[in-house]
Amino acid sequence: MIMNNQTAISQFILLGLPILPEQQQMFYALFLAMYLTTVLGNLIIIILICMDTNLHTPMYLFLSNMSFSDLCFSSVTIPKLLQNMQSQDTSITYAGCLTQMYFFMVFANTENVLLVVMAYDRYVAICFPLHYTSIMSPKLCVSLVVLTWVFTILYSMLHTLLLARLSFCEDNIVTHFFCDISALLKLACSDIYINELMIFILGTLDTVVPFLLIVVSYVQIVCSILKFSTKHGLAKVFSTCGSHLSVVSLFYGTIIGVYLCPSANNSTVKEIVMALMYTVVTPMLNPFIYSLRNRDIKEALIRVLCKKQISL
């Protein structure tokens with residue numbers, strides 16, 4: 001039933017990636033390899049942290065949650081993208097679209113908050129080593145993790161409910177490879193002022209503020225280390241902090257560019273490329289940057305493998 005050029009949308013069509021047909025198989029293989037790397041890397045970290053009691057510390061509690069978040073974050077969008085690249089039918093139901101958007105926001109914002117929590121954990125460990133155990137108590141760590149998930153679930157639910165109240169025009173073609181909130185708002189016929197206002201206000205609190213807190217914490221860490229470390233120690237610290245901040249900047253920079261600073265000059269292609277950075281590239285890099293380069297993780301992997309060989 002159509003009234004005032006509005007209709008009840010039952011499904012959306014995802015246009016996918018702006019690539020040529022002859023390039024389809026190459027990009028399919030690339031994204032499949034990146035997704036499998038993401039799944040394998042994050043699963044290894046989760047399993048190791050669960051199995052090795054030496055890793056039952058605050059830092060690895062946060063890392064395991066981030067690995068789980070990264071694993072789910074990629075799984076919300078990439079399998080559907082891969083399926084659509086091999087299919088003529090790229091439709092997704094209205095309910096499926098809102099569900100995908102909801103879980104995408106849950107896991108994306110969980111990573112936002114966990115990155116801040118991890119930066120704070122490193123700040124306390126390096127700047128206040130003698131008080132680390134008393135400050136980062138098990139109760140506080142569990143509370144931080146629980147509050148992170150509760151906050152992101154409620155945050156995502158708010159945006160999903162605000163979008164669900166909108167009416168959509170007959171045009172149901174989403175110029176993206178997943179149900180992104182900004183792409184869906186472009187299809188709405190009703191007033192989206194409240195939606196855009198909430199994206200800007202809550203997005204600033206959930207993205208810009210965490211990014212600034214992370215930068216401040218790393219500045220404090222570097223300043224603290226400069227006072228005591230040797231040249232070799234400084235080189236190692238700057239290498240670690242530099243790699244952390246590069247991934248953080250990639251993740252936050254692209255999200256801020258897409259959602260908080262949208263430009264009229266931003267083409268759909270540019271927005272899709274930026275979305276690929278934080279949905280595909282960052283979750284794949286995080287295990288290598290935060291964990292697999294870590295000596296504790298490497299030693300835990302050796303211990304677990306040795307136990308398996310002995311049991312065999």
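Both backbone and side-chain heavy atoms feed into the values below; hydrogens, waters and symmetry mates do not. No experiment lies behind these values; they were computed from the predicted model shown.
Here the side chains of Thr282 and Thr254 are not in contact, with every heavy-atom distance at 4.5 Å or above. Two residues are said to be in side-chain contact when any heavy atoms from C-beta on lie closer than 4.5 Å; Phe62 and Val145 meet this criterion. Here the side chains of Thr99 and Tyr102 are not in contact, with every heavy-atom distance at 4.5 Å or above. Contact annotation: the side chain of Ile45 never approaches that of Ser64 to less than 4.5 Å [non-hydrogen atoms, C-beta and beyond]. Side chains of Tyr120 and Leu213 form no contact here, defined as non-hydrogen atoms less than 4.5 Å apart. By the 4.5 Å heavy-atom criterion applied to side chains, Phe31 and Leu276 are counted as neighbours. Side chains of Leu202 and Leu158 form a contact here, defined as non-hydrogen atoms less than 4.5 Å apart. Leu185 places a side-chain heavy atom less than 4.5 Å from the side chain of Ile199.
Taken together through direct or relayed side-chain contacts under 4.5 Å among Ile, Leu, Val, Met, Phe, Trp and Tyr, Tyr252 and Val216 form parts of separate hydrophobic clusters. If you chain together hydrophobic residues whose side chains sit under 4.5 Å apart, Leu250 and Leu30 fall into the same group. Linking Ile, Leu, Val, Met, Phe, Trp and Tyr residues whenever their side-chain heavy atoms come within less than 4.5 Å places Leu43 and Leu48 in a single cluster. Hydrophobic clustering (ILVMFWY, side-chain heavy atoms < 4.5 Å, transitive): Ile92 and Phe168 are in one cluster. Cluster annotation: Val209 and Val116 are assigned to the same hydrophobic cluster (Ile/Leu/Val/Met/Phe/Trp/Tyr, side-chain heavy-atom contacts under 4.5 Å, transitive).
Only one option out of Asn286, Thr152, Asn65 pairs with Glu111 in a side chain to side chain donor-acceptor pair (under 3.5 Å); it is Asn286.
Aromatic pair Tyr60/His56: centroids not less than 6.0 angstrom apart. Aromatic ring centroids of Phe103 and Phe73 lie 6.0 Å or more apart.
Between Ala183 and Val174, the shortest heavy-atom contact is CB-CG1, 3.8 Å. The two residues Pro210 and Leu205 make their nearest non-hydrogen contact at CD-O, 3.2 Å. Gly96 and Thr93 make their closest contact through N-OG1, 2.9 Å (heavy atoms, listed as atom of the first residue, atom of the second, distance). Contact detail for Leu15 and Thr175: the closest heavy-atom pair is CD1-CG2, 3.7 Å. In plain terms, the two heavy atoms of Asp89 and Asn84 that are nearest each other are O-OD1, 3.8 Å. The nearest pair of heavy atoms linking Leu63 to Met118 is CD2-CE, 3.4 Å.
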List the atom pairs, donor and acceptor, that lie under 3.5 Å between side-chain atoms in residues 126-138 and the rest of the protein, sequence neighbours left out.
unit_1 : atom_1 : unit_2 : atom_2 : d
Tyr132 : OH     : Asp121 : OD1    : 2.5
Ser134 : OG     : His131 : O      : 2.9
Ser137 : OG     : Leu140 : N      : 3.3

Side-chain donor-acceptor pairs under 3.5 Å in residues 16-26, sequence neighbours left out?
unit_1 : atom_1 : unit_2 : atom_2 : d
Gln23  : OE1    : Leu20  : N      : 3.4
Gln24  : NE2    : Met85  : O      : 3.4

Mind listing the side-chain donor-acceptor pairs of residues 74-82 below 3.5 Å, one per line with the distance, residues two or more places apart or on another chain?
unit_1 : atom_1 : unit_2 : atom_2 : d
Ser74  : OG     : Thr279 : O      : 3.3
Ser75  : OG     : Tyr35  : OH     : 2.8
Ser75  : OG     : Leu71  : O      : 2.7
Lys80  : NZ     : Ser91  : O      : 3.1

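The list of side chain to side chain donor-acceptor pair (under 3.5 Å) pairs with a residue in residues 138-148, not counting sequence neighbours, is empty. Identified under the salt bridge (Lys or Arg N to Asp or Glu O under 4.0 Å) test for residues 185-199, with sequence neighbours left out: Lys186-Glu271.
Using a 30° and 60° split on the angle between ring planes, His159 and Tyr155 fall in the perpendicular class, above 60°. The aromatic rings of Phe104 and Phe178 lie tilted to each other, with the angle between the two planes from 30° to 60°.
In this structure a side-chain-to-backbone donor-acceptor pair under 3.5 Å is missing from Asp180 to His176. Ser156 places no side-chain N or O within donor-acceptor distance of the main-chain N or O of Ile153, the cut-off being under 3.5 Å. With Asn172 contributing its side chain and Gln11 its backbone, the two residues share a donor-acceptor pair below 3.5 Å. At distances below 3.5 Å, at least one donor-acceptor pair connects side-chain atoms of Ser217 with backbone N or O atoms of Ile214. Ser87 places no side-chain N or O within 3.5 Å of a backbone atom of Gln83 that could act as its donor or acceptor partner. At least one donor-acceptor pair under 3.5 Å links the side chain of Thr90 to the backbone N or O of Leu14.
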Exercise for the section: For side chain to side chain contact (heavy atoms under 4.5 Å, CB included), just list the numbers for Asn195 and Met198, CA-CA rounded to whole Å, side-chain angles, deciding distance to a tenth of an Å, and then say yes or no. Expected result: CA-CA 5 Å; Asn195 299 75; Met198 295 306 291; over 6 Å; no
Is there a side chain to side chain contact (heavy atoms under 4.5 Å, CB included) between Ser10 and Tyr94 once you walk through the steps? CA-CA 5 Å; Ser10 61; Tyr94 176 81; 5.7 Å; no
Q: Decide yes or no on side chain to side chain contact (heavy atoms under 4.5 Å, CB included) for Asp52 and Leu55, but give the supporting numbers first.
A: CA-CA 6 Å; Asp52 196 300; Leu55 299 181; 4.2 Å; yes
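For the residue pair Asn54 / Glu299, no side-chain donor-acceptor distance below 3.5 Å is found, with atom types taken as modelled.
For the atom pair Ser190 OG and Ile192 CD1, the distance stands at 8.5 Å (nearest 0.5 Å). Between atom OG1 of residue Thr110 and atom CZ of residue Phe151 there is a gap of 9.5 Å, rounded to the nearest 0.5 Å. Put simply, CZ on Phe107 and CZ on Phe68 are 5.5 Å apart, with the number rounded to the nearest 0.5 Å. To the nearest 0.5 Å, atom CG of residue Leu144 and atom CH2 of residue Trp149 are 14.5 Å apart.
In this structure, the side-chain contact (heavy atoms from CB on, under 4.5 Å) partners of Val215, at least two apart in sequence or on a different chain, are Phe211, Val219.
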